[in-house]
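See structure below.
Only a predicted model underlies this, so the values are computations on that prediction, with no experimental measurement involved. Below, chain A is the first sequence line, B the second, and so on; all start at residue 1.
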Amino acid sequence: MSVRLRFAPSPTGHLHVGGARTALYNYLYAKKMGGQFILRIEDTDVERSTEAALKMQIEDLVWLGLKWDEGVDPKTHESFGPHGPYRQSLRKSIYQEHAQKLLQQGKTYYDFRTDEELDAIKQQAEADGGFHRTARPEKIYSLEEAQAKLAKGEKAAVRFRVDDIRDYKLHDLVRGEVSFPSDMVGDFVILRSNGMPVYNFCCVVDDALMKITHVLRAEEHLSNTLRQQMLYEAFGYPTPHFGHLSLVLGEDRQKLSKRHGATSCHEYMERGYLPDALLNFIALLGWGTTDDKEIFSRQELIDAFSLDRLNPAGAVFDETKLKWMNSIHLRAMEHKELWKLIDPRLKAHGIECPQDAEWVDRALGLFKTSMETLEDAIPRFQPIDDRLFSIKDDAAEVFTWESTKKVLEAWKLGLESAPDYMTGEDFEKLQNGIKDSVGVKGKNLFMPIRVAVIGQPHGAELKILVPLLHKKSLLNRVDQCLKK
RNA sequence: GUCCCCUUCGUCUAGAGGCCUAGGACAACUCCCUUUCACGGAGUAGACACCGAUUCGAAUUCGGUAGGGGACGCCA
């Protein structure tokens, strides 16, 4: 039987990098084993789940390239696959049926306490010694009594009885043998008073019905597994294999959250990171191989992935290393593909560049070694656009030097007989010629030329930049300088 | 408070009793290349949380301590 894994986000915002890593591991294992990867939407919290957020989550997964075999359609959000629907909000009747089964068996009961009452109980418990577990209500109504009350319009949640006091053992894929005492949790809610089921319940019903074989999820769910095991037993469903992944942490070793800065894949996309680099990086946050290999393509990750190398300790998300990894992936890209990502970013900054393949190829060849992210292209390419050329204030000193005018004139003269595009060597030859003919060297030589190319005395390396500028463009710029 | 999990260089990690005077990568630092930067190359520095036990021998096994994290919701 082939493996079936799922990623089950709740749509409350953009995809978090921790979530992305969970999705990735599930995806990798499914692909590695030739099984299915399923996307299920956990939108039972109607307060927080939004259509807009669902769209974001899906777009982020698509950007990462984690394609799913069953789930909701990336465009229409309609379910596809044999065990649908894949949105929990559309599976209410399925949950109702399952809840009824437990109710009939007496494994659950109706709890008529209100939020206020529960809050008061919790507050009291905290005051008494910080013990938070929700206690059983003083009176539990029989099914008939409860149904009569409900018929009168009273609201009640359905709770699962935790009566069987014993140790539950879990063979965790990441942590090995873990055991929980069942009195670690109190009677827990499976159906809210508005009829909407809650996470632990849906999760069990869906994983069982969707025939999920392995569940890789964040460590924060470890204690939920106890409740879920109780439900699996109550239904008589086989339990999947669980693996609880360590958390992704911020620099202060706390769970990565907003206050640490960028936490969503979307933000990393905006900052100019490549999906392959981000994937490669998060894959190595809590998983690794025995060899020294660190740069993985998507396919290499699939081939190399294995559950027994998942690390139980939390891992700090270090953007510096991500940056380095991004630069490696960036350089490995085909120039044509890379340009498809860079050019729109330049245009967004009002930078227009030549589009012929030969020029693009040359430009990327020269610039990409100094770029870590796609955003780094902006300062690199900015000097290319003639319309953006201007003589900056910090060039003023250069124009006070006596030799500057002579250098600029010699530069112009040299340009006139130069080819449309000079090579780096052409440029050096020309520059050396000026050094000899005008008789200046050092900054008196370099700075005026740099100003005549980029409008300021410091910045781009001319040997790289000049070959990317058309002769006409260079002449235009030096003319502007000579008018000063 | 209760329960659960975790603990190797600053960070990600390799390490499954002798291969470890603990390996790699990022970052840092030094030097080389380079008439700025970057890339590249060569180096330097830097860790087994602590205490006991088992063993001829422990980063690796066991126990305890400390520290960190997570959970304790009609959130997921």
*Say whether, by atom type as modelled, one donor and one acceptor occur between the side chain of A:R380 and the main chain of A:A363 under 3.5 angstrom.*
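Here the side-chain-to-backbone pair does not exist.
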*For A:Q229 and A:K169, indicate whether the former's side chain and the latter's backbone hold a donor-acceptor pair under 3.5 Å.*
yes
Would you say [N] has OP1 or OP2 under 4.0 Å from some side-chain N or O of [X]?
X	N	answer
A:R309	B:G15	yes
A:R48	B:C74	no
A:N200	B:C75	no
A:R253	B:U11	yes
A:R113	B:C74	no

*Do the ring planes of A:F305 and A:Y29 sit parallel (below 30°), tilted (30 to 60°) or perpendicular (above 60°)?*
perpendicular
_Between A:Y273 and A:F281, is the ring centroid distance below 6.0 Å?_
no
*How about A:Y199 and A:H221: are their ring centroids closer than 6.0 Å?*
yes
Tell me: [atom1] of [X] to [atom2] of [N], nearest whole Å?
X	N	atom1	atom2	result
A:L222	B:C72	CG	P	12 Å
A:I295	B:C12	CD1	P	17 Å
A:D167	B:C4	CG	P	9 Å
A:E220	B:G70	CD	C1'	8 Å
A:N326	B:A27	CG	P	13 Å
A:L247	B:C6	CG	C1'	11 Å
A:D318	B:C12	CG	C1'	7 Å

*With a cut-off of 6.0 Å (strictly less than), are more than 12 heavy atoms of other residues, nucleotides or ligands near CD of A:E177?*
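Yes, because the 6.0 Å sphere around CD of A:E177 holds more than 12 heavy atoms from other groups.
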*More than 12 heavy atoms of other residues, nucleotides or ligands under 6.0 Å from CG of A:D393: is that the case?*
no
_Base versus backbone protein contacts along nucleotides 37-50 of chain B [heavy-atom cut-off under 4.0 Å; B, S, -]_ = BSSS----------
Is [X] touching bases, backbone alone, or none of the nucleic acid, heavy atoms closer than 4.0 Å?
X	value
A:K443	nothing
A:G286	sugar-phosphate
A:H244	nothing

*Does B:C33 pair with anything, Watson-Crick or G-U wobble, both distances under 3.5 Å, and if so, with which nucleotide?*
none
*The side chain of A:V198 lies closest to which of these nucleotides: B:A76, B:C4, B:C6?*
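The answer is B:A76, which lies nearest to the side chain.
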*asked:* At a heavy-atom distance below 4.0 Å, what parts of residues 287-294 of chain A sit against RNA chain B?
replied: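 Under 4.0 Å from RNA chain B: A:T289, A:T290, A:D292, A:E294.
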*Which residue pairs pass the ring pair (Phe, Tyr, Trp, His ring centres under 6.0 Å) test with at least one member in residues 155-176 of chain A, sequence neighbours excluded?*
A:F160-A:F188
*Salt bridge or not for A:E97 and A:R91, using N-O below 4.0 Å?*
no
*Classify the side chain of A:S193 and the base of B:C74 as holding, or not holding, a donor-acceptor pair under 3.5 Å.*
yes
